[in-house]
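Shown next, in structure tokens, is the structure this report addresses.
Residue numbers start from 1 in every chain, and the chains themselves are labelled A, B, ... in the order their sequence lines are given, proteins ahead of strands. For clarity, every value in this text was computed on a predicted model and none was experimentally measured.
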Amino acid sequence: GNSVTQMEGPVTLSEEAFLTINCTYTATGYPSLFWYVQYPGEGLQLLLKATKADDKGSNKGFEATYRKETTSFHLEKGSVQVSDSAVYFCALLSGNTGKLIFGQGTTLQVKP
Amino acid sequence: DAGVIQSPRHEVTEMGQEVTLRCKPISGHNSLFWYRQTMMRGLELLIYFNNNVPIDDSGMPEDRFSAKMPNASFSTLKIQPSEPRDSAVYFCASSLGTGGGGNTEAFFGQGTRLTVV
């Protein structure tokens, strides 16, 4: 079945450091891919998305490229801020079934 | 639109009691998802509906859990009887469609924090 795997957390970085959070997926067909962010005590918010191979999603300095050849959708940011501290979820929406499933989440802690 | 609305925000109940969580999706959305979030298991998809019909309930942990969507603007998740291991944050989300490569992002409610003592 479809699945999403993220790198283990927590990830701890200093402000202005470069961020990469790895995400790989297993899916049949042509899924859409998403990154969601969850701040403490809140629900999940969409950060960025990509709906087909080679698409690049970007928002708030974050970006991720849909790589079908490596079945990956890694999240990157060139310079993180303390306010980026949150839990990040990679997600897959199956085009066949409409099922939206998430990876286990990666906690990011950015220190001043 | 006010977004996805869940109620209650917090629920504390005793073991064995019935618990009902409620969700109002965004108007016009035809897919609705229920998730459970815990530290141990992360974010688990319990069930999802398309056009008010349950499509996949394979994530529902056991028969104590049931979900309904009587119309396009309302869904419930019921636990009867509740147990301490059901303690978690339950999220409802809605989206416009069922994939097919479209821009069908899901919008989440604020969640219901359930504590069963």
Side-chain angles (χ1 to χ4, degrees), chain A residues 1-10 21 23 25 27-55 57 59 64 66 68 73 86-107, chain B residues 2-7 9-10 21 23 25-26 29-60 88-113:
Chain A
N2 296 343
S3 66
V4 178
T5 302
Q6 292 179 232
M7 64 187 290
E8 292 281 337
I21 301 178
C23 171
Y25 68 91
T28 55
Y30 302 95
S32 295
L33 301 174
F34 306 87
W35 277 99
Y36 281 80
V37 59
Q38 184 180 33
Y39 298 103
E42 298 185 11
L44 280 71
Q45 305 171 27
L46 180 69
L47 181 59
L48 53 85
K49 62 187 178 187
T51 58
K52 61 183 187 297
D54 300 324
D55 268 3
N59 185 27
Y66 189 145
K68 191 168 175 61
F73 193 55
V87 182
Y88 292 82
F89 291 89
C90 186
L92 174 158
L93 177 67
S94 168
N96 297 332
T97 66
K99 194 169 183 177
L100 178 64
I101 58 173
F102 287 81
Q104 67 269 39
T106 302
T107 299
Chain B
V4 177
I5 299 172
Q6 291 186 245
S7 64
R9 288 295 308 276
H10 302 274
L21 311 181
C23 175
I26 292 173
H29 282 189
N30 58 12
S31 289
L32 183 141
F33 307 84
W34 281 102
Y35 292 89
R36 177 173 67 177
Q37 186 176 36
T38 60
M39 289 292 292
M40 291 298 294
R41 291 191 294 271
L43 197 62
E44 304 171 277
L45 176 63
L46 302 178
I47 185 171
Y48 76 99
F49 296 83
N50 187 47
N51 292 324
N52 313 337
V53 176
I55 303 300
D56 187 337
D57 64 355
S58 59
M60 296 287 260
V89 180
Y90 291 81
F91 287 103
C92 176
S94 71
S95 71
L96 270 174
T98 55
N103 297 325
T104 51
E105 66 198 69
F107 294 81
F108 279 73
Q110 294 285 75
T112 295
R113 181 173 295 277

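- Taking B/Gln37, B/Gln6, B/Arg113 one by one and counting their heavy-atom pairs under 4.5 Å with chain A, the maximum is reached by B/Gln37.
- Both the backbone and the side chain of A/Leu44 come within less than 4.5 Å of a heavy atom of chain B.
- Contact count versus chain A (heavy atoms, under 4.5 Å) is highest, among B/Gly42, B/Gly111, B/Ala106, for B/Ala106.
- There is no contact between A/Gln45 and chain B, counting heavy-atom distances below 4.5 Å.
- Taking the side-chain hydrogen bond (donor to acceptor under 3.5 Å, both in side chains) definition, one finds that B/Arg41 meets it with B/Glu44, sequence neighbours left out.
- When heavy atoms are compared at a cutoff of 4.5 Å, B/Ser58 approaches chain A solely by way of its side chain, counted from C-beta outward.
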Between B/Phe108 and A/Phe102, does the ring-ring contact (aromatic ring centres under 6.0 Å, His included) criterion hold? Intermediate values first, please. CA-CA 13 Å; B/Phe108 279 73; A/Phe102 287 81; 5.7 Å; yes
Given B/Tyr48 and B/Phe33, is the ring-ring contact (aromatic ring centres under 6.0 Å, His included) satisfied, shown in steps? CA-CA 4 Å; B/Tyr48 76 99; B/Phe33 307 84; 5.4 Å; yes
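- Within 6.0 Å of atom NZ in A/Lys68, more than 12 heavy atoms from other residues, nucleotides or ligands are found, so the atom counts as buried in its surroundings.
- Relative ring orientation between A/Tyr66 and A/Tyr25 is described as perpendicular, the plane-to-plane angle rising above 60° on a 0-90° scale split at 30° and 60°.
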